[in-house]
Amino acid sequence: MQAPEPNDEPSAKRSEAATWQVAGTTLSSRMLLGTAHYPSLQVLVDAVKASSTEVLTVGLRRLQPETGGGTHFWKRVQSLGCHVLPNTAGCHSADEAVTLALMAREIFATQWIKLEVIGDDYTLQPDLSATLDAATRLVREGFAVFAYTTDDLVTAQRLHGAGCAAVMPWAAPIGSGRGPQNPYALETMRRRLPDAVLVVDAGLGRPSHAAQVMELGFDAVLLNTAVAQAGDPVRMARAFADGVSAGRTAFESTPMPERAAAQASTPTVGMPFWHAQ
């Protein structure tokens with residue numbers, strides 16, 4: 001039997017290294033997926049399976065029959081065997097977000113909550129002070145808070161200091177699909193918060209965008225519109241899963257440093273037929 005190469009790690013060890021933890025839970029997939037705006041419930045189910053995600057975000061309003069949700073939707077989501085991450089989408093104040101989170105905990109039977117407090121209806125930019133207020137109160141209530149925020153470093157530091165399970169900066173406004181608008185800010189946040197769980201939430205439109213932020217060292221990405229409103233959501237879900245995996249592998253492989261000048265990949269000094277002219 002041929003001996004394994006030095007870099008051939010046992011599969012069990014590789015699998016362990018590929019996992020990550022958030023809110024005391026070990027996950028294998030670094031892609032979280034939303035459940036809104038799909039062409040049909042069956043397309044959503046197929047996209048979830050294609051993505052291999054283990055976490056699904058669900059809005060409380062999705063359980064209301066008048067919005068196309070209800071018991072049937074909830075049962076299908078449960079049947080997928082994923083962790084459910086309820087969200088406070090649509091809230092415009094800390095009080096409103098806390099109230100909705102308490103309702104979600106009763107309905108979904110989970111301490112996890114994706115906190116969103118919107119400050120501007122046009123850009124859907126979060127109200128940072130209200131988000132920090134709500135996060136602090138929810139952490140005291142025993143919630144594992146996944147806080148949606150901008151790429152502002154100081155706010156991210158305060159959310160992490162308040163005890164949030166994950167800080168979730170945007171790459172661009174929700175649903176814009178524009179990709180990272182300020183990679184420097186995201187890179188700085190990752191470097192300054194080495195122990196925080198950081199998940200890029202909002203603004204990613206293509207698998208290459210997901211790979212880009214994963215190369216910066218982010219723990220995961222959360223997607224919805226980029227998959228749900230693609231021409232083929234199922235294939236796009238699979239493509240994003242590949243992009244996330246490639247970006248994470250690249251980060252762990254330590255990319256070469258950028259240089260200001262060219263450097264030949266093939267050395268010339270000492271080559272046998274080199275002539276000085």
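Below, each value reflects all heavy atoms present in this structure, side chains not excepted, and no hydrogens, waters or symmetry copies.
A 4.5 Å side-chain heavy-atom check between W74 and I107 finds every atom pair outside the cut-off. Inter-residue side-chain proximity for P173 and L124 is flagged as unmet; no heavy-atom pair is nearer than 4.5 Å. Using a 4.5 Å cut-off on side-chain heavy atoms (C-beta onward), Y184 and L216 make no contact. In this structure the side chain of L193 reaches within 4.5 angstrom of the side chain of Q157, judged on heavy atoms.
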**Prompt:** So C82 and V55, side chain to side chain contact (heavy atoms under 4.5 Å, CB included) or not? Walk me through it.
**Reply:** CA-CA 5 Å; C82 296; V55 178; 6.0 Å; no
**Prompt:** Under the side chain to side chain contact (heavy atoms under 4.5 Å, CB included) criterion, do F143 and L115 qualify, and how do the steps go?
**Reply:** CA-CA 10 Å; F143 283 90; L115 175 62; over 6 Å; no
**Request:** Step by step, work out the side chain to side chain contact (heavy atoms under 4.5 Å, CB included) result for V221 and F240.
**Result:** CA-CA 10 Å; V221 301; F240 264 105; 5.7 Å; no
**Message:** Test side chain to side chain contact (heavy atoms under 4.5 Å, CB included) on N224 and Y38; report intermediate values, then the result.
**Reply:** CA-CA 9 Å; N224 193 161; Y38 287 83; 4.0 Å; yes
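Summarising the geometry of A47 relative to V234, their closest heavy-atom pair is N-CG2, 3.9 Å, with the distance given to 0.1 Å. Closest heavy-atom contact between S29 and T53: OG-CA, 3.6 Å. Across S51 and L33, no two heavy atoms sit closer than the pair OG-CD2, 3.9 Å. Smallest separation of non-hydrogen atoms from L222 and M168: CD1-CE, 3.4 Å. Closest of all the heavy-atom pairs between L204 and A210 is CD1-CA, 4.2 Å. Listed here is the closest heavy atom pair of H209 and G177: CE1-O, 3.5 Å.
If you run side chain to side chain donor-acceptor pair (under 3.5 Å) between K114 and each of N87, T88, D201, T57, only D201 comes through. A side chain to side chain contact (heavy atoms under 4.5 Å, CB included) with L27 is found for one member of L32, T19, V22 and no other, namely V22. With L44 as the partner, the side chain to side chain contact (heavy atoms under 4.5 Å, CB included) test is satisfied by one option alone out of V227, T35, L80: T35.
Side-chain N or O atoms of T155 include none that pairs as donor or acceptor with a backbone N or O of D152 at under 3.5 Å. At distances below 3.5 Å, not a single donor-acceptor pair connects side-chain atoms of E215 with backbone N or O atoms of A250. Remark: side-chain polar atoms of T136 are not paired, donor with acceptor, to backbone N or O of A162 under 3.5 angstrom. Looking only at distances, a side-chain donor or acceptor of R30 sits under 3.5 Å from a matching main-chain atom of D219. No donor-acceptor distance shorter than 3.5 angstrom exists from the side chain of E187 to the backbone of P183, with no hydrogens or angles considered. Checked by atom type and distance alone, the side chain of Q229 never pairs as donor or acceptor with a backbone atom of H37 at under 3.5 Å.
No side-chain donor from either of D195 and H160 sits under 3.5 Å from a side-chain acceptor of the other.
Linking ILVMFWY residues whenever their side-chain heavy atoms come closer than 4.5 Å, directly or via other members, leaves F218 and F251 in distinct clusters. If you chain together hydrophobic residues whose side chains sit under 4.5 Å apart, L138 and L132 never meet in one group. Cluster membership for L128 and L186, using ILVMFWY side-chain heavy atoms within less than 4.5 angstrom, is not shared. Clustering ILVMFWY residues whenever any of their side-chain heavy atoms sit less than 4.5 angstrom apart, transitively, puts M103 in a cluster other than the one holding I113. Clustering ILVMFWY residues whenever any of their side-chain heavy atoms sit less than 4.5 angstrom apart, transitively, puts M236 in the very cluster that holds V45.
Here the CG-CZ distance, from L41 to F73, works out to 7.0 Å after rounding to the nearest 0.5 Å. Taking CE of M214 as the reference point, atom OG of S245 lies at 8.5 Å (rounded to 0.5 Å). Atom OG1 of T150 sits about 13.5 Å away from atom CD of Q181, to the nearest 0.5 Å.
Surrounding CZ of R206 are at most 12 heavy atoms belonging to other residues, nucleotides or ligands under 6.0 Å away. Shown here is R190, whose CZ atom has more than 12 heavy atoms of other residues, nucleotides or ligands within 6.0 Å.
Using a 30° and 60° split on the angle between ring planes, F146 and W112 fall in the tilted class, from 30° to 60°.
Under 4.0 Å is where a charged nitrogen must lie from a carboxylate oxygen, and between D46 and R235 no such pair does. Electrostatic pairing of E141 and R137 does not count as a salt bridge here, judged by no charged N lying under 4.0 Å from a carboxylate O.
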